[in-house]
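Comments concern the structure below.
All values derive from a computational prediction rather than experimental measurement. The first residue in the sequence is number 1, and the count goes up from there.
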Amino acid sequence: MADGGASEPPEITPEEVLDRVAAAGGHLVLPDLEPDELAAWRHAARTAQLRLLRAGTARLSKWTSGNTLRISVVDPSAPPKPISEVTSEPPAAESRDHSDFVGRSIRVPSKLPKVLHSLVVEMQDGMTRLEADRWRPYHSRRFVPDWIPDVPRQKSGRMLRIWQAILDEAGFRGYRVWAGGQRGEYVTLEAGPDYFRLTSGGSQNGLWLRLRAEEHQRNQKNLTWSDTESKPLEQQLGAMFDRLELMIKAAVERREDEARQAAERRRRWEAAMSKARAQFAEQHRKDALRKRVEEAATAEDIQAYAAALRSSAETVDPSRRDDVVAWATWAQTYADEIDPVRNQAGMPATPEPGRDDLAPYLHGWSPWGPS
């Protein structure tokens, strides 16, 4: 760029994105991008992402971290590469840029496509059975999983098209989808480690969708979208997915916060354990010192006793003299053995403490871990 001139935004095409990703082995990393470069690459990657969605089975994902952009293209139908050819792994699902999808409009087809999602096929069959059994006695009705929406026949086609749009969008965003529950009470959307349950239904007055998080995802309320006079359910799918993305983002942030808290708690526990080991070693030295002082005093007393006994042996009956001298000699030898001063005993080695040995120095922390 010439001095004082304004740089032109780089022109990046979707074809260039796909060519660069293919040349990189399916996972392209673009570090240290300028803001205009980052925007251009993201725009081109988004266009390529939409094109792949409409044609073929390959799927493109992109992640942004600071001024680094990662782009990955995976074809689930392609045979897996040999391990020797795999040079890098895409970022974890936690790092996905959720802002890529917020505000995205969801198109509901005007008619069902020729190739339906497998769950839509099951739903279509289940709704047919529900309608056929509607006037039969309860004991004569065939089993239909609870996730199959029970809606009037006039609204079944519309509900199927809405679900086709939901499932297509879920696949585009990389969610796994299946029917779950003991009786198949709901459709589960899996986004990384997070699970969300989606149910639906309706009456002559309109259709509705209900989204709720799994039990372990705290502070997440059930959310319902339904037909209104001003906005049919089809026009609210974007808002539903936006809310889902926000719930995923909140769950990611919660896990990150919990991980930070756990790391801080472990750091404090390890510091407490280190301090406890030092205090245990210090107490062991004090105990060893007291014991050596006692041994030194005992050795001194025994040495004095042995010397006095040996001196008095001259006055003992000759028949007992050798026995007294032998006893005095043994006592002197024992005093020399236990005398820490004579032996020049140095710093005592600290034994490896057991978990319970450290408990008195931990002040409430468990010796078994930070939890």
Side-chain angles (χ1 to χ4, degrees), residues 50 53 98-113 116-131 133-135 144-175 177-181 183-191 194-215 217-251:
L50 293 172
L53 183 66
H98 298 277
S99 63
D100 282 351
F101 297 113
V102 173
R104 172 179 160 84
S105 60
I106 313 302
R107 177 181 173 276
V108 176
S110 58
K111 62 180 181 178
L112 288 175
L116 299 176
H117 192 283
S118 59
L119 288 183
V120 174
V121 173
E122 292 183 47
M123 187 179 294
Q124 194 173 38
D125 182 61
M127 293 169 74
T128 300
R129 293 201 304 273
L130 282 173
E131 184 62 30
D133 292 348
R134 194 173 301 279
W135 308 112
V144 177
D146 290 348
W147 68 270
I148 303 293
D150 187 3
V151 299
R153 180 173 55 84
Q154 298 88 340
K155 297 185 180 295
S156 60
R158 186 173 158 232
M159 179 60 87
L160 291 171
R161 289 186 286 107
I162 288 173
W163 269 104
Q164 182 69 40
I166 290 172
L167 296 170
D168 284 345
E169 184 66 19
F172 174 79
R173 297 179 185 229
Y175 305 154
V177 184
W178 71 90
R183 284 180 47 87
E185 296 95 329
Y186 42 79
V187 173
T188 297
L189 302 178
E190 177 187 345
D194 299 303
Y195 300 85
F196 302 87
R197 296 176 177 178
L198 193 59
T199 55
S200 62
S203 66
Q204 294 292 352
N205 295 325
L207 304 179
W208 56 264
L209 290 168
R210 182 168 296 126
L211 176 70
R212 68 185 180 92
E214 289 285 5
E215 286 75 5
Q217 294 164 247
R218 301 184 295 273
N219 302 323
Q220 300 285 13
K221 298 179 180 179
N222 294 345
L223 300 169
T224 302
W225 292 263
S226 59
D227 284 327
T228 66
E229 292 183 1
S230 60
K231 186 175 289 187
L233 185 57
E234 289 89 337
Q235 296 180 16
Q236 301 179 54
L237 298 186
M240 185 196 76
F241 274 100
D242 283 354
R243 189 57 183 264
L244 177 60
E245 291 290 338
L246 293 176
M247 292 168 74
I248 295 171
K249 182 180 179 182

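Across all their heavy atoms, Ala170 and Leu189 have their closest contact at CB-CD2, 4.3 Å. The minimum heavy-atom distance linking Val151 with Glu131 is given by the pair O-OE1, 4.5 Å. A pairwise comparison of heavy atoms in Gln124 and Leu112 identifies NE2-CD1, 3.9 Å as the closest pair. Ile248 and Ala191 make their closest contact through CD1-CB, 3.5 Å (heavy atoms, listed as atom of the first residue, atom of the second, distance). Taking every heavy atom of both residues into account, Met127 and Pro149 meet most closely at CG-O, 3.6 Å.
For Arg161 (side chain) and Pro109 (main-chain N/O), a donor-acceptor pair under 3.5 Å exists by modelled atom type. At least one donor-acceptor pair under 3.5 Å links the side chain of Asp242 to the backbone N or O of Gly103.
Put simply, the side chain of Pro113 reaches to within 4.5 Å of the side chain of Gln164, judged on heavy atoms. Between Glu169 and Leu237, the closest side-chain pair of non-hydrogen atoms is not below 4.5 Å. No side-chain heavy atom of Trp147 sits less than 4.5 Å from a side-chain heavy atom of Leu198. Taking the side chain as every heavy atom from C-beta outward, Arg134 and Arg153 never approach each other to under 4.5 Å. By the 4.5 Å heavy-atom criterion applied to side chains, Met247 and Asp194 are not counted as neighbours. Contact of the Phe241 side chain with the Tyr175 side chain is registered, since non-hydrogen atoms from C-beta on lie closer than 4.5 Å.
For the salt bridge (Lys or Arg N to Asp or Glu O under 4.0 Å) condition, the pairs that include at least one residue of residues 228-239, sequence neighbours left out, are Arg158-Glu234.
Note that the CG atom of Leu211 and the CZ atom of Arg197 stand 11.5 Å from one another [nearest 0.5 Å]. The CE atom of Met159 sits 7.0 Å away from atom CG of Leu233, with the distance rounded to the nearest 0.5 Å. Glu245 contributes atom CD, which lies 5.0 Å from atom CZ of Arg173 (distance to the nearest 0.5 angstrom). For the atom pair CD (Glu122) and CG (Leu116), the distance works out to 12.0 Å, reported to the nearest 0.5 Å. To the nearest 0.5 angstrom, Lys155 atom NZ is 9.5 Å from Ile162 atom CD1. Distance check, rounded to the nearest 0.5 Å: CZ of Arg243 to CZ of Phe196 gives 11.0 Å.
Partners of Asp125 by side-chain contact (heavy atoms from CB on, under 4.5 Å), not counting sequence neighbours, listed by chain and number: Arg129.
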Got a list of side-chain donor-acceptor pairs under 3.5 Å for residues 200-209, not counting sequence neighbours?
{"residue": "Ser200", "atom": "OG", "partner": "Trp163", "partner atom": "NE1", "Å": "2.9"}
{"residue": "Ser203", "atom": "OG", "partner": "Asn205", "partner atom": "N", "Å": "3.2"}

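Using the six-membered ring where Trp is involved, Trp178 and Tyr195 have ring planes that are perpendicular, over 60° apart on the 30 and 60° scheme.
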